[in-house]
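Every chain is numbered from 1, with letters handed out A, B, ... down the list of sequences.
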Number of protein chains: 2
Amino acid sequence: MITRKEVADRAGVSVAVVSYVLNNRSIVKEETRQKVLAVINELGYRPNQTARSLKTRKTGQIAVLVHFVGNPFEGGLLLYIEKKAKLSNYSVFFHSFEPAREEELKNTLMGRVDGILLLGQTLSEESQAFYSLMELPIVSLMHPGVSMPNIPVVDVDWVTEMRRLIVHLREQGHDRIAFMTAGDSQNPIAYRLIAFREAMRHEGLELPETYILEGAGRFEMAFHTLTTTLTQGFDFTAIVAANDLMAVGCLAACRESGILVPYQLAIAGCEDILMSSQVSPALTAISYPRMEVGLAATELLLSLIDGDNRKTPRLEGKLSVRASTVEP
Amino acid sequence: MITRKEVADRAGVSVAVVSYVLNNRSIVKEETRQKVLAVINELGYRPNQTARSLKTRKTGQIAVLVHFVGNPFEGGLLLYIEKKAKLSNYSVFFHSFEPAREEELKNTLMGRVDGILLLGQTLSEESQAFYSLMELPIVSLMHPGVSMPNIPVVDVDWVTEMRRLIVHLREQGHDRIAFMTAGDSQNPIAYRLIAFREAMRHEGLELPETYILEGAGRFEMAFHTLTTTLTQGFDFTAIVAANDLMAVGCLAACRESGILVPYQLAIAGCEDILMSSQVSPALTAISYPRMEVGLAATELLLSLIDGDNRKTPRLEGKLSVRASTVEP
DNA sequence: CTGTTAGCGCTTTCAC
DNA sequence: GTGAAAGCGCTAACAG
């Protein structure tokens, strides 16, 4: 590996001068500067980022904890997160979060990243305290299922979004609306059920516990659960799935079971990924502003890293009404 | 920040001993070990990975260069890459590759990663030479459009896969088959066109240049291009899209233009992402073994990092035949 | 078994 | 303007 020393020797200067040149300090004589640059070019020298990080105590990396990148929704978020980070010369360290391995995560993150971006996951109290002690800023993109008082959240107002969807469904004649959720309270989309419950209450609608279906956030599980429910009999007329993968799974289950959407059952999603607009019937969905949320969350995290104290923006979705909830 | 020194002082030992304990060297007396571990626990100490990397010259990170994570296909690859990397305690440094910024990329990567995983991108000769000089192993997951002699490729045999698809289309009565591609030769899926051409030749079919449509790898562009083509008139009876996002875009264009699939035009994709099985009519597609390829490519890269010289595996796709190419 | 110590490649203060 | 040198937190000889 070519080091700064070699460049310095070859250029007949000290390592300090090479540093000055690389860090664009204008204190270097132009002539020396050119000489150093020439040698750098000649040798193809690149500074070692790790050594630099150790000294400056800045890594130029942020960790993004993902839940399941197989879900296009997360992929779409990642796209904008990385784009924004890159603009500020930050790189993204990308890690799948497993609640059972929070301990190990601390080890891998320590000294390697300048901040952490959660994608709706819940950190244990202990982890929160740890990162806080280490002065590692954390931002959560999406409301976690369990509240974490000191971690800012960038998200839409889910209650508002859910109400808008429920109002639409009522207009279509539905008042028995089921909800498909994703497991435990640790799941990144767990909060959507909480918001849905509240929205239903606001709208004065009942939500019996039997209307809560478990889809684990995945297509396959949603398909399986709804298929079972359909054969066992059901009395709701619409179903809202906490994410679009599950909504598509529900649609597939209906197709398979001969249930006509939207006539016998209306289906809606909460994200509006590309797939939702392309299935048949196309899915009505809350259109989650992935770009805005992704950019805003990353911007907030970066500003926190820089010590600024920006406030968390309010973002808004909209409703994409399509054939899965509207009889022609 | 808590350092090794503090732990050592508090435990009444030297920093070396703390190191030995952390690195599980069995040379430490059990009693001392316990004492050190107790202090580590008490203080919540975690070793700084950056400092460790500087010393060991291993970062425990691999760079994955992505093209467009908004495409679920890449997201799916990422899933398995990270899974595999994690098993070997490697983390994934995730970066969108822009050909125009290869120079900067060298700077960000230098000293930060132990290896590079390409997702079908083409590196300039100069970059290849640079990474080779730096002894940074590179593996390409997917065949790049332009060959890079010293970079191992993990992929399916595209000519075989394409031939299988073409044979299927012929069985359905198609011999005028168009291909939708993605731009320039630098595009990660550019190779699929090359393979398609060769497969067509093998099958003794003509492929006039007018049958090559430009879809830029994206849904929107595919939709736009095919819509234009459909209105201007066309004489092919089937179309193969280099990726599924474009295939879905073609399907949407047909729907919009009133062209019946598969009756007036058959459509097929090359990846078989979830979306392809859920649109109507469901898309026939080469089923790309994302898991196998993702795992194998990562494994190969990790073994190269460890200095092993494993050979590149041969992987096989299969054809998922669905309604978009088969008249009922 | 444990401690001392020399770096890893870089930045930056301080002296010249 | 430039150089010497300290030190970031860690590992691993080597000495004891």
Would B:Arg290 pass as a cation-pi partner of B:Tyr80, given that its NZ or CZ must be under 6.0 Å from the six-membered ring centre and within 45 degrees of the axis?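 That pair does not qualify as a cation-pi contact.
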
Between [X] ([atom1]) and [N] ([atom2]), how many Å, whole number?
{"X": "B:Asp114", "N": "C:dC8", "atom1": "CG", "atom2": "P", "answer": "19 Å"}
{"X": "B:Arg52", "N": "D:dA12", "atom1": "CZ", "atom2": "C1'", "answer": "12 Å"}
{"X": "A:Ile2", "N": "C:dC8", "atom1": "CD1", "atom2": "C1'", "answer": "17 Å"}
{"X": "B:Lys58", "N": "D:dC10", "atom1": "NZ", "atom2": "C1'", "answer": "17 Å"}
{"X": "A:Glu31", "N": "D:dT2", "atom1": "CD", "atom2": "C1'", "answer": "13 Å"}
{"X": "A:Leu22", "N": "C:dG9", "atom1": "CG", "atom2": "P", "answer": "15 Å"}
{"X": "B:Glu6", "N": "D:dC8", "atom1": "CD", "atom2": "C1'", "answer": "14 Å"}
{"X": "A:Lys35", "N": "D:dG1", "atom1": "NZ", "atom2": "P", "answer": "14 Å"}

Of all the choices, [options], which nucleotide is nearest to the side chain of [X] once you look at every atom?
{"X": "B:Arg57", "options": "D:dA12, D:dC10, C:dC8", "answer": "C:dC8"}
{"X": "A:Tyr20", "options": "C:dC10, C:dG3, C:dT13", "answer": "C:dT13"}
{"X": "B:Lys55", "options": "D:dA4, C:dG3, D:dC10", "answer": "D:dC10"}
{"X": "B:Met1", "options": "C:dC10, D:dG9, D:dA13", "answer": "D:dG9"}

Consider only side-chain N and O atoms of A:Ser127 and A:Ser124, and report whether a donor and an acceptor are under 3.5 Å apart.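 Side-chain D/A pair, A:Ser127 to A:Ser124: present.
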
Modelled atom types, side-chain donor and acceptor of A:Lys86 and B:Ser96, under 3.5 Å: yes

Reckon B:Thr56 has a side-chain N or O less than 4.0 Å from the OP1 or OP2 of C:dC8?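 No, B:Thr56 has no side-chain N/O under 4.0 Å of OP1/OP2 on C:dC8.
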
When you measure from the side-chain N and O atoms of A:Ser53 to the phosphate of C:dC10, is any distance below 4.0 Å, counting only OP1 and OP2?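 Negative; the distance criterion is not met.
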
Taking only residues two or more places apart in sequence, or in another chain, which ones meet B:Glu42 in a salt bridge (charged side-chain N to carboxylate O under 4.0 Å, His left out)?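 Here the qualifying residues are B:Arg10.
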
Nearest 0.5 Å, please: how far is OH in A:Tyr288 from CZ in A:Arg192?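 One gets 7.0 Å once the value is rounded to the nearest 0.5 Å.
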
Please find the pair of heavy atoms, one from A:Asp114 and one from A:Tyr90, that lie closest to each other, and give the distance.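 So the two residues come closest at OD2-CE2, 3.4 Å.
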
Over all heavy atoms of both residues, which pair between A:Asn48 and A:Thr50 is shortest? Give the atoms and the distance, please.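 Shortest heavy-atom separation between A:Asn48 and A:Thr50 comes out as OD1-N, 2.7 Å.
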
Could you check B:Val18 against A:Val17 and say which one's nearest nucleotide on DNA chain D is further toward the 5' end? A:Val17

Between A:Leu54 and B:Val15, just flag the one whose closest nucleotide in DNA chain D comes earlier from the 5' side.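 The answer here is A:Leu54.
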
Distance criterion of 3.5 Å, no angle test: do you see the side chain of B:Lys5 paired donor-to-acceptor with the base of D:dG9? no

Pick base, sugar-phosphate or nothing for A:Thr3, based on heavy-atom distances below 4.0 Å to the nucleic acid. sugar-phosphate

At 4.0 Å (heavy atoms only), tell me whether A:Thr32 reaches a base, stays on the sugar-phosphate, or touches nothing. sugar-phosphate

For this output row, return yes or no: ring centroids of B:His95 and B:Phe93 closer than 6.0 angstrom. yes

Does anything in residues 42-49 of chain B reach DNA chain D, meaning a heavy atom under 4.0 Å, and if so which residues? B:Tyr45, B:Pro47, B:Asn48

